[in-house]
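One structure is given here, and the rest of the page talks about it.
Bear in mind that the values here come from a model prediction, so they are computed numbers and not experimental data.
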Protein chains: 2
Amino acid sequence: MAKMLRGATAQETHSAILDLIRSSGTVTRVDLADRSGLTGASISRVVKRLLADGLIIETGYGDPTGGKRATLLQFNPRARHAVGIAVDTPSTTYVVTDMSGRVIEQLSSRGIGKDAPATAVRRITAELEDLIVKAGIEPSTLVGVGVALAGRQGRGGTRLLRTDSEKYAWEPFAVRDTLKAAIDHPIVVENDSTCAAIGEFWAGKIPSVNDFATVYLAAGFGLGLMTNGDVYRGSSSNVGEIGHMVLDVNGPMCWCGGQGCLESLAAPAAVVARAEQDAALADKLGLRGRQTSVRADFAKIARLAAGGDPRCVQLIEESATYLAKALLSITNLLDLDQIILAGPGFSETGDIYVRLATQELNRLSFVRAMHPTRVELSKLGPSAAALGAASLVLHSQLTPHQNRS
Amino acid sequence: MAKMLRGATAQETHSAILDLIRSSGTVTRVDLADRSGLTGASISRVVKRLLADGLIIETGYGDPTGGKRATLLQFNPRARHAVGIAVDTPSTTYVVTDMSGRVIEQLSSRGIGKDAPATAVRRITAELEDLIVKAGIEPSTLVGVGVALAGRQGRGGTRLLRTDSEKYAWEPFAVRDTLKAAIDHPIVVENDSTCAAIGEFWAGKIPSVNDFATVYLAAGFGLGLMTNGDVYRGSSSNVGEIGHMVLDVNGPMCWCGGQGCLESLAAPAAVVARAEQDAALADKLGLRGRQTSVRADFAKIARLAAGGDPRCVQLIEESATYLAKALLSITNLLDLDQIILAGPGFSETGDIYVRLATQELNRLSFVRAMHPTRVELSKLGPSAAALGAASLVLHSQLTPHQNRS
DNA sequence: CGCACTTTAGTACACAACGTAAGGAAGTGG
DNA sequence: CCACTTCCTTACGTTGTGTACTAAAGTGCG
């Protein structure tokens, strides 16, 4: 233990001011002084430095208010870039973003499927290097590479990855170290839910003072939590395992050993399993009934539901009802005022999940009398995790741990 | 908005060092330097000041390690005092504590029952003043009064209180303002669960880097959360409403409008209701079957269970099983490594709740492979909430918002 | 158009807090 | 007794912020 207090270093102050500029989009020096509590003189000094570093630019003048017009400041988007990779079973998504979280270049390739870890990582490394070249960014502006994985954090910083074929096949594999050896840039690895959360935070310009949660739906449900301008990681970086929240103590057995878990009641596999009970529907959808096609089968059901097919709408609504119950419990526990739904699982029928969750929270949430809990669909689209991974890098490199309130 | 950055003021550094001394019990200057990241020179300066203020004292010398023996530092317990009041339906508990959280004087009087808010607060004010005189503490060392209430935070800092008779009878009543007008000391009001958590933190010398949760059981279940050395309050200071976590989507209706809530399945009222179904048991216990005697009736059942009565043990175990499920969900969500059970509801049979929760977490928690989640009974006894309220005052006055990591 | 006023931005200097370096104090072990 | 270790303090330099003042750039009215 040896890092704690160290005075208000330039680093920290610069980070804090940069964070204000990020969440504001466009601000004046006076705004910054108001919001940071620093005096104009100090802001002047910090801003001068940020301008000199090229991190921010002056972009015009504010509206007249009876005196000298204020100079507008904002990110210099091309000052820094980041790469985000979302590694998932059916597909791998790469994005190159600028400093404001805008996607400059992207690429989708096949997922890891049943590949051995070493093979998959080798391919990812190659594709990554191609992409960086193709994006045509100045190498010195690349602050790092973020990787979003479905999995848990192991003891030694290892990232565990869940695959379809074998559970925890990647268990002993140190993704981060392997990538780090192959790529000469900072590598940050996080789970997909947390990445989605920080993606919303960064690209959505959410202020550091707002606490919110993001639910990410791919193979299963995960939750990412942002508090006080930083990711909340818990005691071993394994926050957000909501897939096995107990919603029905007498419910069906789950592979985890519990009963009535959210995952066994509402995840894509559960929805597909119910669809398969209905022979006519299974036939109509051409369900393949194989473990490995669950994600594709779920997508088919979701597409039909989005198109209005009553039976499919019913199936999705059933899933959404369970998620709504889980979100109700979570909201009561954490007093959230904003929940964002992201990930491929919500891409077709996210509005159904939003509607049912909103209804449930408005009806039963304990804090509903004080403030609403907004449930929203992510605006980042299907590459939310990849974009979030890139945002994570930007956040950790440009605005490391914000403090105070 | 105007408080955020302001350099590392003496205030903040002093707070941080004082917090390290609190959680260490006894430390040397060298230890403080290691743990804080400050240099020995800076520690020297800060410690000198804390000694001059009388907040800490030198209490001897450390073990020889081949050189000059280090001077031991610890709190000067009598330097400051705080008062904590736990306002509950069946009883009101007052404690006067010293700076280390030790109880110096205490008093229990009848609860608020069906009293009107103004009447109850008037009586509390009178009893409080008597107690302060009786404790014989130097008035200038009293840093403030903390109040633990069962209730929710309203919009304008109002505290809502749940009473047996009418739900939310106290709804529009501003407890804090009323007390503040009557008592010339800082007043801090919090809900009982949060107070219990900070009581463990302070009196139990838990380091600021440890995140943990406390479950408080009085009329119902509540949860208090400490993260990064401070209370986690959420967006409207209403964190911890776990009483209405959904554990059984098809379960019995709850007064809140939901189904299968933890409270309706496992709270004292539910346990008593089940006991009343059993005519023989109800007779044996002399259950009064009245709404207002639920707490007393539950205590009877708990006492018999603690004595080994099989039927009562079964009833408590049923309640504990539901709580264990809820704690499993919460642990998976927040990646906790420590959960403390506190409050009058656990005073007789807390070990049963601890045992079943530990079992469930060891069996099903997602992080069990990384680290255990310890479930422990509070060592603060039945006055945990009052002691916590006092701790809250000490914390907010002596070590305001810790930062960094 | 000129002049008084407002708002923004930057500079000079003082102050506060921490780090570095050096040395004194208090002990250990040969 | 003396070399060495560890603890603690003092003196001084660096860094970052606030205060006070000034310059710059606008508005609005007569």
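Contact annotation for A:Ala41: base contact, defined as any heavy-atom pair under 4.0 Å involving a base atom. B:Thr28 comes within 4.0 angstrom of no nucleic acid atom, judged by non-hydrogen atoms across all strands.
A:Lys68 places its NZ atom 17 Å from the P atom of D:dT22, with the value rounded to the nearest Å. The nearest whole Å value for the distance from the CZ atom in A:Arg69 to the P atom in D:dA25 is 13 Å. In this structure, NZ of B:Lys48 is placed 7 Å from C1' of D:dT9, rounded to the nearest angstrom. A straight line from CD of A:Gln11 to P of C:dC18 spans 18 Å, rounded to a whole angstrom.
Taking the nucleotide of DNA chain C with the nearest heavy atom to each of B:Gly66 and B:Arg45, the more 5' of the two is matched to B:Arg45.
Listed nucleotides: D:dT27, C:dG10, D:dT9. Nearest to the side chain of A:Arg29: C:dG10. When the nucleotides D:dT9, D:dC8, D:dG16 are ranked by their closest atom to the side chain of A:Thr13, D:dG16 comes out on top.
With rounding to the nearest 0.5 angstrom, the CG atom of B:Leu20 is 11.0 Å from the OG atom of B:Ser15. Rounding to the nearest 0.5 angstrom, the gap separating the CD1 atom in B:Ile132 from the CD1 atom in B:Ile183 is 6.5 Å.
For B:Ser42 and C:dC18, the shortest distance from a side-chain N or O to OP1 or OP2 is not below 4.0 Å.
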Would you please test A:Lys180 and A:Asp177 for salt bridge (Lys or Arg N to Asp or Glu O under 4.0 Å) and show each step? CA-CA 5 Å; A:Lys180 187 146 201 152; A:Asp177 295 344; over 6 Å; no

